[in-house]
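Below is one structure; the comments refer to it alone.
Quick caveat, the model's predicted, so the values are computed rather than measured.
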Protein chains: 2
Amino acid sequence: MPASTAASAEHTSRDKILDAAEALFAKRGYAAVGLRELAELVGLGKSSLFHHFRNKAQLYAAVTARILVSIEARLVRSLATGGDPVVRLERWLDDLIDLLTENPTYARVLLRSLFEDDDLPGDLPEEIEGHRAIADMMAAVGGLLREGMGAGLFRAVHVNHFLLTLVGIIVFPFASGEFGAEVLGKDLFDATEVRRRKREVRALLRSGLVASR
Amino acid sequence: MPASTAASAEHTSRDKILDAAEALFAKRGYAAVGLRELAELVGLGKSSLFHHFRNKAQLYAAVTARILVSIEARLVRSLATGGDPVVRLERWLDDLIDLLTENPTYARVLLRSLFEDDDLPGDLPEEIEGHRAIADMMAAVGGLLREGMGAGLFRAVHVNHFLLTLVGIIVFPFASGEFGAEVLGKDLFDATEVRRRKREVRALLRSGLVASR
DNA sequence: AGTGCAACCGACCGATCGGTCGGTCACCAT
DNA sequence: ATGGTGACCGACCGATCGGTCGGTTGCACT
């Protein structure tokens, strides 16, 4: 099965290119991926890549856009579901962790796109489609925090700083590769370790964010 | 003044190369940095780089080793100073934030070296000198956490997961570049924003880690 | 005066880079 | 049958990559 998000086991060449490119970009970053290598991995000639994507930059944009949009789609749905702010925030975090662990490439691509999309070769299409999606989602979570604070459920935090904190807590570990595994002594993507991580994040927020009754 | 750690305003060519390479590697990563560009930035011919470093990989290793060792040196000293675990942990976090903000390239180089040093071109010297230093420091902080838990000062946390959490909280924001600035609405490296970040991190740990008396 | 050496340079190398071009092939509509 | 088209390919291009080589300075030491 492909590393794709959902069920659609489409095996069109375009999707196979995107899947392979996603894995390579996640592991090594934009500049270190060669198109010959990618083509060979997919089982196509290098020229064929250009039949599906105008150039390398747009291929990269397509890869990240697919991921960012899929993240936003799933998590906005999660945020929109009912419950008080505590429940909704915890569900959001749970769903985000699920998403990142079900698709092990996501965290790295996401992190890379968050902190190194600036200064890529110049021919990127404006900004990567999907950055807006992520920004919107962050804004929604920010609103959730404010709502919880207003209701007296959360202690007073600086919302924007707390958003950065949340992203750092959730995304970094799943992108940290060998370092994370070394610190942890185990593979972070193991089911039991994922469960443990969820528990720890929840516990931290329960005591560190949720107002004591 | 150079982006170097401390006072030593040495202006040897070797140091200038390291400084410039540090900036470039931090901004764009290993693969995207060309040696011609680096040489021109320093004001040398490209061949001269090879007089000071055997090849690109070793130059990269020297850059990151310099940073990792300097981080470890300063923070181990910070950890060794007295005080109860709460005080020592907070001082460690403060000093780490100081270090990362005084040297804006550090967070990115550190993050990169944590999650993408795997699979670089093969001629790296074993492992990068300094990875051990960081691992040792993480172990020391782990011991600090355990000590605090044993003394009943900290609530019960999964130490290794908490270490990952701490790194994510501290390092990621200062490496997040444009994304962080967009979320925050301000430049994270501004003095007032740094102060705010310190305050927020402290507050999170006070309520989220320190046991409620 | 002469020797050695660190620092530096321009010219060059093979390899690889992203990207182009002309063409083949299978399939589908008319 | 025939024209069109989407998918694909090998050969090739200029540019750039990391790295080498031979040589020239200038300073230190004797």
**Request:** Report yes if at least one side-chain N or O of His51(A) is closer than 4.0 Å to OP1 or OP2 of dA7(D); otherwise report no.
**Result:** yes
**Asked** dT16(D) C1' sits how many Å from Arg28(B) CZ, rounded?
**Response** 14 Å
**Asked** Can a side chain N or O of His52(B) be found less than 4.0 Å away from OP1 or OP2 on dC8(C)?
**Response** yes
**Message:** Just the rounded figure in Å: distance from P of dC8(C) to CG of Leu38(B).
**Reply:** 13 Å
**Atom pair distance, as rounded to whole Å: CD1 in Ile17(A) and C1' in dC8(D)** = 10 Å
**Item:** Nearest listed nucleotide, side chain of Lys56(B), among dC8(C), dG18(C), dG19(D)
**Value:** dG19(D)
**Request:** Could you please name the option among dC8(D), dC9(C), dG18(C) that lies closest to any side-chain atom of Leu44(B)?
**Result:** dC9(C)
**Set of side-chain contact (heavy atoms from CB on, under 4.5 Å) partners for Phe50(B), sequence neighbours left out** = Leu35(B)
**5'-most by nearest nucleotide on DNA chain C - Arg36(B) or Arg14(B)** = Arg14(B)
**Asked** Taking atom CG of Leu93(B) and atom CG of Leu89(B), what is their separation to the nearest 0.5 Å?
**Response** 4.5 Å
**Message:** I need the OH-P distance between Tyr60(B) and dG18(D), as an integer number of Å.
**Reply:** 15 Å
**Asked** Once you round it to whole Å, what is the distance between P of dG18(D) and CZ of Phe25(B)?
**Response** 9 Å
**Prompt:** Which pair of non-hydrogen atoms, one from Thr105(B) and one from Ala23(B), has the smallest distance, and what is that distance?
**Reply:** CG2-CA, 4.2 Å
**Message:** Please report the interatomic distance CD1(Ile169(A)) to NE2(His161(B)), rounded to the nearest 0.5 Å.
**Reply:** 13.0 Å
**Prompt:** Base, sugar-phosphate, or nothing for Val33(A), non-hydrogen atoms under 4.0 angstrom?
**Reply:** sugar-phosphate
**Prompt:** In whole angstroms, how far is the P atom of dG19(C) from the CD atom of Gln58(A)?
**Reply:** 10 Å
**Complete:** Given protein heavy atoms under 4.0 Å, the one-letter contact record of nucleotides 20-26 of chain D, with B base, S sugar-phosphate only and - none, is simply BB-----
**Item:** N/O (side chain, Ser48(A)) to phosphate O (OP1/OP2, dC9(D)) under 4.0 Å
**Value:** yes
**Item:** Separation of atom CG in Leu49(A) from atom P in dC9(D), rounded to whole Å
**Value:** 9 Å
**Request:** Verify, without hydrogens or angle tests, whether Arg88(A) (side chain) and Gly83(A) (backbone) share a donor-acceptor contact under 3.5 angstrom.
**Result:** yes
**Item:** Spacing between Leu35(A) atom CG and dC9(D) atom P, to the nearest angstrom
**Value:** 14 Å
**Message:** Tell me whether Glu37(A) at atom CD has more than 12 heavy atoms from other residues, nucleotides or ligands lying less than 6.0 Å away.
**Reply:** yes
**Message:** Please tell me whether Arg195(B) and Thr101(B) have a donor and an acceptor in their side chains that are separated by less than 3.5 angstrom.
**Reply:** no
